[in-house]
Participant: 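Below is the structure I would like to discuss, written out as structure tokens.
This one's a predicted model, so the numbers in the text were calculated from it and none came from an experiment.
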Amino acid sequence: MTGVRKQKAAQTEAALKEAARRLFVERGYLNTKITDITKAAGRSTGSFYEHFADKDELLAGLLADMRGQASEQIVAEHPREHDLTDREVLKAHLGMAWGVFREHLPVVVALFQSMVADEPGSGRAWRDLTADTEMLREHLEWLEERGHRLPGAPGILAPAIGAMLAMLAYAVMTAADGGPEMADEEIVEALTGLVSGGLGAFGASRMPG
């Protein structure tokens with residue numbers, strides 16, 4: 001019986017998450033109520049609170065799922081020794097991030113809207129941005145240690161690149177009309193050129209062979 005209950009609980013949680021994903025894209029995070037989610041999932045309101053304390057906790061669960069998938073797409077040992085001045089290496093990183101945003105658009109929408117609704121002094125935007133770009137910062141720090149002259153400190157460059165990527169993804173992927181008539185591949189290519197130019201703008205690398 002315990003196994004059956006666990007299976008049913010897992011099915012309910014999955015149904016609530018899937019309903020939330022659909023509604024966040026259709027109505028937005030702020031306009032979606034818990035009762036909307038339970039109705040769309042075909043579950044009782046009480047069942048929601050058996051899994052999540054509130055809508056923010058549900059969003060945290062969806063974010064954990066998104067980050068988990070991103071981690072799975074990276075090899076088990078993802079070394080910091082990635083030369084982002086190599087255009088193809090940089091493009092692979094940006095393309096992976098764009099793909100995760102595309103697949104998890106409901107989470108991107110919800111995160112953006114909930115963050116904007118937070119009190120300005122909460123510091124959440126900066127905490128999330130620095131946490132989500134930690135690996136990028138490590139790659140930039142490695143470049144700096146090897147003698148490459150960067151246009152700024154890795155601790156600000158990584159969040160800046162992440163913010164640009166996330167904001168552009170939100171704008172492009174939620175544009176019903178008037179969005180760019182470009183494929184994702186073209187957008188990633190353009191971003192690669194922009195970031196690559198910035199990283200190389202301060203002179204050639206002095207990295208030892």
Side-chain angles (χ1 to χ4, degrees), residues 63-64 66-71 73-105 107-175 179-180 182-209:
L63 177 59
M66 183 177 80
R67 286 173 172 164
Q69 181 185 331
S71 297
Q73 292 181 5
I74 301 171
V75 291
E77 295 182 5
H78 187 80
R80 63 196 294 267
E81 297 86 2
H82 277 197
D83 184 1
L84 296 184
T85 62
D86 182 316
R87 205 175 190 283
E88 290 307 308
V89 172
L90 176 63
K91 184 178 179 181
H93 280 69
L94 296 177
M96 183 193 71
W98 190 269
V100 170
F101 286 149
R102 173 66 78 182
E103 185 166 347
H104 294 272
L105 178 59
V107 184
V108 174
V109 170
L111 285 173
F112 182 82
Q113 293 184 346
S114 64
M115 180 186 67
V116 171
D118 268 4
E119 295 179 3
S122 70
R124 174 185 165 187
W126 178 250
R127 287 195 303 272
D128 288 354
L129 195 54
T130 52
D132 289 338
T133 56
E134 182 178 358
M135 187 174 294
L136 179 57
R137 174 183 56 76
E138 290 178 353
H139 293 332
L140 293 172
E141 286 174 344
W142 179 79
L143 278 175
E144 196 171 53
E145 290 164 8
R146 298 283 289 176
H148 185 82
R149 190 181 175 195
L150 296 172
I156 193 65
L157 288 179
I161 294 170
M164 176 183 66
L165 189 65
M167 184 65 225
L168 183 64
Y170 176 84
V172 168
M173 295 176 191
T174 59
M182 298 173 67
D184 285 352
E185 220 174 278
E186 294 177 276
I187 295 174
V188 171
E189 181 68 33
L191 285 168
T192 301
L194 177 62
V195 176
S196 178
L199 292 178
F202 280 67
S205 171
R206 301 190 303 279
M207 295 166 65

Participant: Can you name the nearest heavy-atom pair linking Leu90 to Ser196, along with the distance?
Facilitator: CD2-N, 3.5 Å
Participant: Evaluate the side chain to side chain contact (heavy atoms under 4.5 Å, CB included) criterion for residues Trp142 and His148: first the C-alpha distance (whole Å), next the side-chain angles of each, then the deciding distance (0.1 Å), finally the verdict.
Facilitator: CA-CA 9 Å; Trp142 179 79; His148 185 82; over 6 Å; no
Participant: To the nearest 0.5 angstrom, please state how far the NE2 atom of His93 sits from the OG1 atom of Thr192.
Facilitator: 11.5 Å
Participant: Do Asp83 and Val89 have side chains that approach each other closer than 4.5 Å (heavy atoms only, starting at C-beta)?
Facilitator: no
Participant: What distance separates Leu150 CG from Thr85 OG1, expressed to the nearest 0.5 Å?
Facilitator: 9.5 Å
Participant: Is there a side-chain contact between Leu168 and Ile187 in this structure, where contact means two heavy atoms from C-beta onward sitting under 4.5 Å apart?
Facilitator: yes
Participant: Just how far is it from atom CG of Leu143 to atom CG of Leu157, taken to the nearest 0.5 Å?
Facilitator: 10.5 Å
Participant: Rounded to the nearest 0.5 Å, what separation is found between the CZ atom of Arg87 and the CG atom of Leu94?
Facilitator: 10.0 Å
Participant: With side chain to side chain contact (heavy atoms under 4.5 Å, CB included) as the test, would you mind laying out the steps for Leu84 and Val195 before giving the verdict?
Facilitator: CA-CA 9 Å; Leu84 296 184; Val195 176; over 6 Å; no
Participant: Testing the basics here: between Ala125 and Met115, what is the closest heavy-atom pair and its distance to 0.1 Å?
Facilitator: CB-SD, 3.4 Å
Participant: Say you draw a straight line from CG of Asp132 to OG1 of Thr130; how long is it, rounded to the nearest 0.5 Å?
Facilitator: 8.0 Å
Participant: What heavy-atom pair brings Thr133 and Leu129 nearest, and what distance separates the two atoms?
Facilitator: OG1-O, 2.7 Å
Participant: Check Leu165 against Leu191 and note the closest heavy-atom contact, atom names and distance.
Facilitator: CD1-CD1, 3.4 Å
Participant: Of all heavy-atom pairs between Pro151 and Gly198, which one has the smallest distance, and what is that distance?
Facilitator: CG-O, 3.4 Å
Participant: Do His104 and Arg67 pass the side chain to side chain contact (heavy atoms under 4.5 Å, CB included) test, and can you show the C-alpha distance, the side-chain angles, and the key distance before you say yes or no?
Facilitator: CA-CA 10 Å; His104 294 272; Arg67 286 173 172 164; over 6 Å; no
Participant: Evaluate side chain to side chain contact (heavy atoms under 4.5 Å, CB included) for Phe101 paired with Val107, printing each intermediate quantity in order.
Facilitator: CA-CA 8 Å; Phe101 286 149; Val107 184; over 6 Å; no
Participant: Once rounded to the nearest 0.5 Å, what's the spacing between atom CD of Glu141 and atom CG of Leu136?
Facilitator: 10.0 Å
Participant: Tell me whether the rings of His139 and His82 are parallel (<30°), tilted (30 to 60°) or perpendicular (>60°).
Facilitator: parallel
Participant: Looking only at heavy atoms, which two atoms of Arg137 and Gly155 are closest? And how far apart?
Facilitator: CD-CA, 4.1 Å
Participant: Treating Arg102 as the side-chain partner and Met173 as the backbone partner, does any N or O pair qualify as donor plus acceptor under 3.5 Å?
Facilitator: no
Participant: Any side-chain heavy atom of Glu81 sitting closer than 4.5 Å to one from Glu145?
Facilitator: no
Participant: Is the closest basic N to carboxylate O distance between Glu185 and Lys91 below 4.0 Å?
Facilitator: no
Participant: Got Val108 and Thr174 here, is their nearest side-chain heavy-atom distance under 4.5 Å?
Facilitator: no
Participant: So, Arg124 and Ser114: side-chain donor and acceptor under 3.5 Å apart, yes or no?
Facilitator: yes
